[in-house]
Amino acid sequence: MKKVITYGTFDLFHQGHYNLLKRAKELGDYLIVGVTTEHFDEARGKVNVIDSVLERVDNVRKTGLADEIIIEDHNGQKIEDIQKYGIDIFTVGSDWIGTFDYLNNFCKVVYLERTPDISSTMLRKSRFKIVNMGIVGTGRIAPRFVSEAKYVSGINITCAYNPQRESGKRFQRKYDIECETGEYEEFLNKVDAVYIASTNETHYDYVKRALLAGKHVLSEKPVAFTKEETIELYLLAKEKKLVLIEGVKTAYCPGFQQLINVARSGKIGEICDVEACFSRLAALESRERSDEKFGGSFLEFGGYSLLPIIKLMGSDYKEIRIDSVHGEKGIDLYTKIQLLYEQGMATAKMGVGVKSEGQLVIAGTKGYILAQSPWWLTKKFEVRYEDPNKVETYEPSFQGDGLRYEISEFVSKINGYGKNGYKLTAEESIAMAEITELFMKKRNEEQTGYYNQVDKE
Ligand code: CTP
């Protein structure tokens, strides 16, 4: 019996897939089809797959051509499968010519002619309306957004807004953006959705005006400085049936979701303590270290350090304590937030003028999870136990600088997919806003004290 194997994503199952499976089957007597998991696809850079793995398996099954369907979830699996199943022929479409020649050492490799003019990518594009996206603010993060957006289908960056026209114009020229303007209303008229990457104090107003104008919004954190304003924005988005997501990029990284799920799975027992730290020394003249009202470590990194805490421990804390080490003008160079829960505790630390170990430790009754810097991109984490020899290492997929996952989530939501925003819910954003509000209040009081003191002197 001649055994044939082929692999694919088979998203939005189409005629090209059918033809390929039919020809693959004709190459032998028994056909095994490997269907990729979401994780494996993400690792390969396919971040916009629409059908779930079960739907994709089901579609392959319905052709009646596969004698056996298996799941492909890791690199190197093809060689394992070929040996395990005693495969005679490995086959894929001609778009892969050359890529799998190395398998000739294990079986015969056949590239079958690809059906012209059809692909999942084309179908995804026709299903997804192209989102014309505008960028508010053309500072440090905007260029990263442009380069990462290239990896997400269904999005065009069409306009840049910056009241400081020179910066906007430079950005437009450098990144070849169609339009640039310093008028917000004019800008909003040109786009379907906006990415807010301006300075912290402007987010709320820009988000609100964009929503009122009927535009979807992806906003850098924090969306607003108070709980009430944050609730107002999420309600407004809901009422207008628009997507509003907060750009805490860690929340959308595949590895972070896996880490949270491993923590919730009971592997480490009851979760009792979450400690998260993110510090990056900023230059003295940087906004983080010089803007006494809207700079500082909390506003820079608080969203990251609080995220795993709010996700795992919730927002129902009994006590909260916020302490900072201040630099000039009362700016927080280092902030520590300690939360006390009914059943546990948590600490979030962040620094722009103080350096510490950037790690995430989740302590449980049976073991703990350790994710070392840069845990906020979550490329690797370990589950450790009392027995130091027992360590489970996870190395989830991670591409680029991570922004593409948040952009992809945004585009999927605009297109009506991924309705359950479990990656970062409005409630979680609001819980973080509540802490932001407490922090801002405390800092204002401390700064007022500082200025009073200076006045006296
Ligand atoms: N295939 C084909 N003809 C097409 C499209 C795909 O023969 N028009 C083949 C591929 O070469 C591969 C298999 O079908 O062997 C599964 O491909 P997959 O990557 O799932 O489909 P694509 O439509 O190529 O997906 P995408 O656009 O996401 O790359």
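One-based numbering, in listed order, for ligands and for the atoms of each. Worth knowing before you read on, the calculation uses all heavy atoms, side chains too, and leaves out hydrogens, waters and symmetry mates.
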Quick one: which residue pairs count as a salt bridge (charged side-chain N to carboxylate O under 4.0 Å, His left out) with a foot in residues 19-39, not counting sequence neighbours? Lys22-Glu26, Lys25-Asp67

Using the salt bridge (charged side-chain N to carboxylate O under 4.0 Å, His left out) rule, collect all pairs that involve residues 229-243, keeping only residues at least two apart or in two chains. Lys208-Glu232

For the residue pair Tyr252 and Gln257, confirm or rule out a side-chain donor-acceptor distance under 3.5 Å. no

Relative to each other, are the rings of Tyr206 and Tyr184 parallel, tilted or perpendicular (30° and 60° limits)? tilted

Identify, chain by chain and in numerical order, each protein residue with a heavy atom under 4.0 Å from an atom of ligand 1. Gly8, Thr9, Phe10, His14, Gly16, His17, Leu20, Lys46, Val92, Gly93, Asp95, Trp96, Arg114, Thr115, Ile118, Ser119, Ser120, Thr121, Arg124

With side chain to side chain donor-acceptor pair (under 3.5 Å) as the test, would you mind laying out the steps for Ser429 and Tyr234 before giving the verdict? CA-CA 9 Å; Ser429 273; Tyr234 278 103; 2.9 Å; yes

Tell me the ring-ring contact (aromatic ring centres under 6.0 Å, His included) pairs involving residues 46-66, sequence neighbours left out? none

